[in-house]
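Letters A, B, ... are given to chains in the order of the sequence lines, protein chains preceding strands, and every chain is numbered from 1. These numbers were taken from a predicted model, which means no experiment stands behind them. Basis for what follows: all heavy atoms, side chains included, without hydrogens, waters or symmetry-related copies.
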Amino acid sequence: MDNEYYEPGGGNIADAAHQHDRQVGRTRVVGQKKRRVDARPLVTGAPVYAAEFEQPNMLHARILHSPHAHATILHIDTSKALALAGVRAVLTHEDLPRVAHSTAGQPYPESSPYDAYLLDRRVRYVGDWVAFVAAETPAIAEEALSLITVEYELLPAVFDPMEAMRDGAPQLHEPDITHPNSGQHFGDIYDAAHNIAAHEVITYGDFDSAMSEADIVVEGEYSVPFISHTVLEPHVCVAYLDGYDRLIVVSSTQVPYHTRRQLAAVLQLPISRIRVVKPRVGGGFGSKQEMLLEPVAAALALKTRQPVRIEYSRQEEFTAGRFRHPVILRMRSGVRRDGTLLAISMHSIGNAGAYGTHSFTVTRSTGHKTLCLYRAKAYLFRADAVYTNLPITGAMRGYGAPQGFFALESHIDEIARRLNMDPLEFRRKNHVQKGDWDPMEMVEEEGVWRSKRQFRSCGLPQCLEKGAAAFGWGQPFERGDGKPIRRGHGMATAMQGSGVASFELGGASIKLNEDGSFNVMTGATDIGQGSDTILAQIAAEALGVDMDKIIMHSVDTDSSVFDYGSYASSTTYISGGGVKVAAELVQKQVLDVAGDLLDCAPEDMSIVDSVIYTPRGPSHLRVADIANETLYGKHRQQIMAKGDFWTDDSPAPFFAQFVEVEVDTETGRVRVTKAVNALDLGKAINPALASGQVEGAVAMALGYALSEEVKFDDQGRVRNAGFVDYKVMSTLDMPEMTTILVEDTEYTGPFGAKSAGEVPTNGMAPAVANAIQDALGVRIRSLPITPEKILQALDEL
Amino acid sequence: MLRLPPFQYLAPKNLAEAAHMLSQEGERAMLVAGGTDLYPNMKRRQFTPPVLIGLRGIPTFKNISGSAEEGMHIGAGVTLTTLAEHPLLLAHYPALATAAGSVSTPQLRNVGTIGGNLLLDTRCNYYNQTEFWRHSIGYCMKKDGDICLVAPGSPRCWAISSADTAPVLVSLGASVRLVSVRGERIVPVQDLFRDDGIHPYTKATDEILSEVILPSATGWQSVYLKLRRRGSFDFPILGVAVSLSASEDGTVSEVRIVLGAVASYPVVAKDAATLLIGQRLTPETIEAASTSAARRAKPLDNADLTMNYRKQVATVYIRRALSHFLNSNYIK
C-alpha cells in the first residue's frame, strides 16, 4: 500500500506527454552502442590533453603554497627568485588586484560567497596560495619557489566545524567583503563571526504535528569523510596571447563559459578579450567545476607576454585542489507501526574548508536532493556550511547527494529494522511515485505555495523489481558461521536531478557541409564521460544521418553555443535537448530545399540514413545533394541553425543498489562480493557508455564506503597526499557486478533521456552499511567503514 | 608532476664492473635495479644521489638455478613476477612466491626485483612524503632533521621494514651474497638487517647484493600472510612468515616465525617457536605460540590503520599462518 498522506501538488503527467511532440519510436542511432567519437586518439595516446598543448617560448609556472593553516603574510621577498637565471616573473598579492570572488563554476550570480582572492595577504589553509612563478623550465620554477622568503604572523586555526561555530573561535573571513557587484543580494557570508559560510532551511508541512502522530521515532547521527576526486588528469592549463592580443586559455575544465566570465572579473579584463578552449579532459568529477589554475597562467602570461603552462602535481591535487565536503548529518523521523513514514528531518553540518566554493549548494543538496525520495506529511531540513582552516571542499560527483543518501538510506534501513519490515518493502511502501511533486521545491506564487517540480517519469519500481530479482533479494544465502566469515545483504535507493531546475542553458549550432556532413559546435563539456558521442548520436538521429556524418566540436567559447558546462548531471538532458532542437531546425532547412526540388511539402518528407524520403519512398536526392545545391546551386545559402534548451524541470533518474558483503569478524575486513546496480535513466542514448557511467560510479562509491579519507594532522596538514596512502579501491577489490538499465521514458528529455552520471554514486555506501548490519547486527554510522570500526562495533555488542 | 633530481646514470655490463664503479664513486652513488622504490623516493628527495649505477644490464642477475633438494640460487635482478610464477617456488617455497606476488601491483612486479625488495628502504608516513610536506612539518631524523616525528621523545628512528620478501627469506633461513672490490661474503638474510630505521642494512656501501641463496626445502613447509587495506598497491602493515618442519608423528622439529612491518627489521619470534618445538600443532599450542609471537609486534602510528588495530590483529594473523599447516595436513 502506498503512503496515503503524501500530497504536495497537483497536475497531470499526461499533459507533459502530449506536449512531447514526436517519437519515441524506433531509433537508428540513439540506443546503439556506438563507438566513442574520440576513441582512437584516446586509446592510442595521441597528444589531446591540455598538458600536451605546446607553444613556442612557453614558460612553466609553479605556485608557492602556505605551510601554515592560518597566517598573515607580513613580508615577501622575491628578489632572489627574480635574480635566478631563467625566471621571468614572480607575482605576489602586492602585484595583483584584490578582487573578491568565488571560484565556483556556477552561473552568474554564483550562489557561493565571494570570499576568495587570487592572492591575499592572509593564508587560510596549508596549501593556500602565496606566490606564482613563471620560468623557462619547470626545474627553474621550482628552484625559484625555494628562493622566495616569506615572513608569516601565525594566527590561531580551527579544523573542526563544531568548534568553528562557537563564539570566540578563530574567524576566517571578514563579513564586509567588497563585492564587485555591491548592493546585490549575493556573495554574502551567512554568519562570518561564527564561520558559517552558508545556511539553509527547507520545510514542508507541519513537522511537529506529523511527528506527534508517530508510533516510533528513530534518530541517528551519521558522518562522512573528506575525500578527493582523484582525477587521472590533474588540473592543467596553458594561457597565451594571440595575434589579436587576446588571452587564450586552453584548460582542463568542466565550465569553459563560467571560467571565462570569472577570469575576466578576477583579472579585470573585458570578457571579449578572453577565449577559453577545452580540449580532451581526463576526468573532472566536479573538481574542475571551478576556476582554479586559469587565472594563475593568465596573470603570468599577461605579465610576461609569453605562453605559460601550469599543471598541478598529484601532491597539489591532494592538498590544494578541491574535495568533497565532509558532513555530519542528524536524522530524526517518525513512522506509524504499519510502516507509513510520517515525517523526516535532516540537519547537515558541512565542512567548507577555507573558502565557501559550492558550500551553500552542496550542503543544501544533502537534503534537497535526497529527502524527496520518500513521501511524508512533513519534512524539515536544515544545513550549515562551516569554514575551517582545511583545504577547500567543493563540487564532487553527486554534489551533496552521496553524503545525504548515506545518512538517509542508512536511517531508512534502521527504521525498517525497528518495524521488523523488509527494507525493500518499506521502500516500496514509501518511495516517491510517478506524478508526485517534489516537496523540496516549493515556491510561493501569489500567496499560494506549490511545488514546481513534478516527477513525470519514475522507474524506481522497475529498478527495485529487476534489481531484487537479479540479486536474489530475500532468497536464502550462505550467511557464514562467524568463524570467521559472516555475510550479509544490503540495499539502498537513490535519485538525483538532470541539471538544476531553472538554472541551465545549453545546446549547439549545426552547420551543413558540402559532403552532407554536419559540424555540431557545442558548448557542452566532454570531460571523459563521453558527452560528445552522446550528443553526436542525438544530432545524427534527429538529422536522419549516421554517426560518420557528424563532426563534433567542443568547446571553444569563441565558436560554441553558450553552455553552463558539465555538472549537475545536465549534459545529456540540457545540452542534448538543445542539440536536438538545432538538428530539427537544420533538418527542416534541408527539407525546405529538397521539397522545392522534389515538388513536395517539406512536412511530408523525412531523412533516413542521409536519403531524402517523400511519401512515395526514397528519392534520388541525398543530403550531400542538398548541400551542393545550397552552396553552389540555385538555392544558395549556408544551412545552419542553433538550438538551445532550458527548463524549469529537472527530471530525476532513480537507482537501486543491492550488495552482498563478506565480513571477517576477527580482522574486521569487509569485502563486497556482489553488486547489482539498477538505473532508471529514461533512455540509454548509448547503453555502453551508460553502463560505464554506472560501473565507474559504483567503483568510486566503493572507496567512499570502505577506504577513502583525506587525513590531517593537528596542524591541518594532509597526512596521506598520494596514491600509496590515500586508499582508492583497485580493480582487484571490485565485486562481481551486474548493471541493469531501466528506461522509463522522460517525455521532456531528448529521445526520452534523463541523467545517468551522478546518481549511481549514491547507493553503495549506505548499501554496504546496511549489509554489514545484516551480517553482524552492528550499525556503522560513519564512513569510511574501516576494519577497526567493525572490530570496535563488535566489541561493543 | 614531481620531478627527479638530476643524476648521472652508469650502466655496468657485469658484476665486477659494477663493483668497481661503486668503489670509485663511493657514497655519491646508489644502486638501482627496478627503481620502483628508489625513483619515487628520489622524486620526493628522500635520496638525491649524483650517480646511479644501474644493475639491469648484468646478465647473471637474472639467473635462477638449483633445486628444491639442493637449495636454489636466485639472481638479485630476478623480477617479483618471475618469482611469483616460478613452478619450483610455488611447489617448494610457496611463502616466497606468495610474498613476491603480493608486492604492490602487477606492473611494478614486472619491474621490481628480489634484490630491490629485500633492500627496500624502511618506511614511515612521516618520511615517505614530498619535500614540501616534510619541509612544512619540520624534517625527521631519517632525512634532514633531528627528531622522530612518530615518537618525539625517542632517540631513534622507528621507520618500518616493509619488504614482503624479507620476513619470508629470514624464515626460510636464506642467505645473500654480497660482492665488492674487496671480495665477497655470504650473509644470512637475518644478519642483513639491524634494528635501526635510518640505517637498516648491514651491507657496506661498496657492496652489491648479487644473489639470494635458498637452503634445501626438503622437509619444510612455508606460508606467508599479509595484512593490507586493498587487494593491490599496498605495502604490508603486517606480514607473517612461517617455515616449519615436522617429524612423521607431527611433532614440530623446527619452526621459524618471522614478523614483517612491525619494526625496523624482520622480527624473529624465537620464544613462540620454542613453545612449539617438540609439540604437535593443535588449536591450543597454536594459540599459545600466536599470543607469544604477537607480543613481539609493537607497531607505532606511522603506517596505515591504527597501531591498536595492527597490534590487535597480529595474533589473528599469526594464528592463521600457523593454522594453515593444520589445514594443509602438515605431516608429510
Q. Chain B heavy atoms under 4.5 Å from A:Pro234: which part of the residue, side chain, backbone, both or neither?
A. neither

Q | Greatest number of heavy atom pairs closer than 4.5 Å to chain B - which of A:Ala721, A:Ala139, A:Gly668 | A | A:Ala139

Q) Under a 4.5 Å heavy-atom cut-off, does chain B meet the side chain of A:Ala51, its backbone, both or neither? A) neither

Q) Is it true that atom CG of A:Leu232 has more than 12 heavy atoms of other residues, nucleotides or ligands lying nearer than 6.0 Å? A) no

Q: List in chain and number order the residues that pass ring pair (Phe, Tyr, Trp, His ring centres under 6.0 Å) with A:Phe712, two or more places apart in sequence or in another chain; answer none if no residue qualifies.
A: A:Phe226

At a cut-off of 3.5 Å, what donor and acceptor atoms pair up between chain B and chain A?
residue, atom, partner, partner atom, Å
B:Asn125, O, A:Arg719, NH1, 2.8
B:Asn125, OD1, A:Arg719, NH2, 2.8
B:Gln129, NE2, A:Arg719, O, 2.9
B:Thr130, OG1, A:Gln315, OE1, 3.0
B:Thr130, OG1, A:Gln315, NE2, 3.4
B:Trp133, NE1, A:Val718, O, 2.4
B:Ser136, O, A:Arg717, NH1, 2.9
B:Arg228, O, A:Arg669, NH1, 2.2
B:Arg230, NH1, A:Val728, O, 2.7
B:Arg230, NH2, A:Phe723, O, 3.3
B:Gly231, N, A:Asp733, OD1, 2.7
B:Gly231, N, A:Asp733, OD2, 3.4
B:Asp234, OD1, A:Lys727, NZ, 2.9
B:Thr306, N, A:Glu788, OE1, 3.0
B:Thr306, OG1, A:Glu788, OE1, 2.4
B:Tyr309, OH, A:Thr667, O, 2.4
B:Arg319, NH1, A:Glu666, OE1, 3.4
B:Arg319, NH1, A:Glu666, OE2, 3.1
B:Arg320, NE, A:Glu666, OE1, 3.2
B:Arg320, NH1, A:Asp664, OD2, 2.6
B:Arg320, NH2, A:Asp664, OD1, 2.8
B:Arg320, NH2, A:Asp664, OD2, 3.0
B:Arg320, NH2, A:Glu666, OE1, 2.8

Q) So which part of B:Ile137 gets closer than 4.5 Å to some heavy atom of chain A, the side chain, the backbone, both or neither? A) both

**Q.** Interface residue of largest heavy-atom contact number with chain A, from B:Val316, B:Leu305, B:Val313, under 4.5 Å
**A.** B:Leu305

Q: Please look at A:Leu145 and chain B and tell me whether the side chain, the backbone, both or neither of the residue comes under 4.5 angstrom of a heavy atom of that chain.
A: neither

Q | Leading residue by heavy atom contact count with chain B [cutoff under 4.5 Å; candidates A:Pro138, A:Gly722, A:Pro484] | A | A:Pro138

